[in-house]
Amino acid sequence: MEKLDGLTPYVEQISIDEAFIDVSDIPKDSETIAREIQMMIREEVRLPCSLGGASSKLVAKIATNVGKDSVDAFWPNAVLIVPAGKEPEFLAPLPIRAMWGVGPKSSERLEKSGIRKLGDLQKWSVEALESKLGSYGPQLKRFAMGIDDRPVSAEDREAKSVSNETTFDEDIGDRDKLHAVLLSLSQRVGRSLRDAGLVARTVAIKLRWSDFKTITRRVTMPDATDLDQPIYVSAKSLFEKAWKEGTPVRLIGVGTSNLETGGEQLSLFSQSDDKEHRVQEALDDLRDRFGSMKTRWGREHSHETGRWMDVEEEEGEVF
DNA sequence: TCTGGGGTCCTAGGACCC
DNA sequence: TCTGGGGTCCTAGGACCC
């Protein structure tokens, strides 16, 4: 990403290892630009990569995938450029699964109507597709024709949610063990929020039973937070409402959403909240310095009794 | 094709308000 | 008190992506 940023400001990162680049301003042909980028990454970062070029993000993305799949002398360093005007022609022979956004469910539905290739989609009327797929139909048809005017956006997209989850080797039906996992997940999520300078107003849990059925439950709090403890308290109460004693759990997760930028509202925190922030900072500092050592809250406040209760300890130290 | 651990976006329905 | 329309906020789940 650094290398790309050095090349042009018009870089839109879409995942850890993929980005769109608008090269309209670079006075070279696309093939040359792509090969130069590829060579730069190979030489300086020592990684292979594939590039696709087209007049739109959608077609460039699909071209990258198609190039990646073709095994030739360059593999795994593909470059595939789709010339402007040739988009429908390029897309027509591809299976509908090649369309970005068409997964197993949509392709199954489309195939039932005899739509197997993007070319089939091109031939269908907008009306027929609309009655079959709703508002997604016309959109899909435009995409199948290679029409996509979404610009390359260099602004980094703000995170919409922060979560952490884990799948167990063996299903767990023990309340204390599940609580302990919920706590450590809450701590990781809290830490991620703090590192990103974010606060969250909604806390969610995710539970997967042994039959793979997965449920989610969430609550929205009156105030946003980035502290481990309130996240854990919310997560635990959601868990208690959703879980029947002894039910084996395969996966458990804690998530936060409804995010806001944290910093500037510090002044709004009450005294006690500020104290909690200082405790939190001290804990973060300890965890930083002692790395693998498990530090966690030793006590938690019980809403039922209004008292501070000891937390069940699994491993490690209590502070 | 599945698993695992992140994510995003969309839809539908309920509660509530004007 | 009821009706209607519109809007917001929230929850739950599904489809999809890397």
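Chain naming here is simple, since letters A, B, ... match the order of the sequence lines and numbering starts at 1 in each.
Between A/Asn164 and B/dG5 there is no side-chain N or O to OP1 or OP2 distance below 4.0 Å. The phosphate of C/dA12 (OP1 or OP2) has no side-chain N or O of A/Thr216 nearer than 4.0 angstrom. An OP1 or OP2 oxygen of B/dT3 is reached within less than 4.0 angstrom by no side-chain nitrogen or oxygen of A/Arg250.
A/Leu251 places its CG atom 7 Å from the P atom of B/dG5, with the value rounded to the nearest Å. Nucleotide B/dT3 holds its C1' atom 12 Å from the CD atom of A/Glu165, rounded to whole Å. Note: CZ (A/Arg188) to C1' (B/dG6) measures 13 Å, nearest angstrom. The interatomic distance linking A/Ile96 (CD1) with C/dA15 (C1') rounds to 15 Å, in whole Å. Going from atom CZ of A/Arg208 over to atom P of C/dG13 covers 13 Å, rounded to whole Å.
Note on residues 37-65 of chain A: no pairs pass ring-ring contact (aromatic ring centres under 6.0 Å, His included), not counting sequence neighbours. Here salt bridge (charged side-chain N to carboxylate O under 4.0 Å, His left out) pairs that include residues 204-213 of chain A, with residues two or more places apart or in two chains, are A/Glu165-A/Lys206. Residue pairs meeting the side-chain hydrogen bond (donor to acceptor under 3.5 Å, both in side chains) criterion with at least one partner in residues 41-55 of chain A, sequence neighbours excluded, are A/Lys3-A/Glu44, A/Ser55-A/Glu87.
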Below 3.5 Å between N/O atoms, which protein atoms pair up with nucleotides 7-10 of chain C? Just atom names and distances, please.
unit_1: C/dC10; atom_1: OP1; unit_2: A/Arg201; atom_2: NH2; d: 2.7

Could you go through nucleotides 16-18 of chain C and list every protein N or O atom that sits under 3.5 Å from one of its N or O atoms, giving the distance for each pair?
unit_1: C/dC16; atom_1: OP1; unit_2: A/Gly103; atom_2: N; d: 3.1
unit_1: C/dC16; atom_1: OP1; unit_2: A/Ser106; atom_2: N; d: 2.8
unit_1: C/dC16; atom_1: OP1; unit_2: A/Ser106; atom_2: OG; d: 2.5
unit_1: C/dC16; atom_1: OP2; unit_2: A/Pro104; atom_2: N; d: 3.4
unit_1: C/dC16; atom_1: OP2; unit_2: A/Lys105; atom_2: N; d: 2.8
unit_1: C/dC16; atom_1: O5'; unit_2: A/Gly103; atom_2: N; d: 3.4
unit_1: C/dC17; atom_1: OP1; unit_2: A/Gly101; atom_2: N; d: 2.8
unit_1: C/dC17; atom_1: OP1; unit_2: A/Val102; atom_2: N; d: 3.4
unit_1: C/dC17; atom_1: O3'; unit_2: A/Trp100; atom_2: NE1; d: 3.2
unit_1: C/dC18; atom_1: OP1; unit_2: A/Lys61; atom_2: NZ; d: 2.5
unit_1: C/dC18; atom_1: OP1; unit_2: A/Trp100; atom_2: NE1; d: 3.4
unit_1: C/dC18; atom_1: O3'; unit_2: A/Ser15; atom_2: OG; d: 3.3
unit_1: C/dC18; atom_1: O3'; unit_2: A/Asp17; atom_2: OD1; d: 3.2

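Contacts of A/Arg142 classified as side chain to side chain donor-acceptor pair (under 3.5 Å), with partners at least two apart in sequence or in another chain: A/Gln139. In this structure A/Ser186 satisfies the side-chain contact (heavy atoms from CB on, under 4.5 Å) test together with A/Ile231, A/Tyr232, A/Ala235, A/Val254, sequence neighbours excluded. A/Asp72 pairs by the side-chain contact (heavy atoms from CB on, under 4.5 Å) definition with A/Ser70, A/Phe74, A/Trp75, not counting sequence neighbours. A search for side-chain contact (heavy atoms from CB on, under 4.5 Å) contacts involving A/Leu238 returns A/Ile205, A/Arg217, A/Val219, not counting sequence neighbours. In this structure, the side-chain contact (heavy atoms from CB on, under 4.5 Å) partners of A/Arg109, at least two apart in sequence or on a different chain, are A/Leu133.
Closest to the A/Phe212 side chain, of the nucleotides B/dG5, C/dG13, B/dT3, is B/dT3.
Remark: of the listed residues A/Asn258, A/Thr225, A/Thr256, A/Asp223, A/Asn258 is the sole one forming a side-chain contact (heavy atoms from CB on, under 4.5 Å) with A/Arg201.
Here A/Leu251 sits alone; no ILVMFWY side chain lies under 4.5 Å from its own, so it joins no hydrophobic cluster.
The end-to-end axis angle of the helix from B/dG5-C/dC18 to B/dC18-C/dG5, rounded to 10 degrees and based on five pairs per end, is 10°.
Nucleic acid contact for A/Ala159: sugar-phosphate only, since backbone atoms but no base atoms lie under 4.0 Å from a heavy atom of the residue. Residue contacts shown for A/Phe168 are absent, as no nucleic acid heavy atom lies under 4.0 Å away.
For the pair A/Lys236 and A/Glu240, the salt-bridge criterion is not met [side-chain N within less than 4.0 Å of a carboxylate O].
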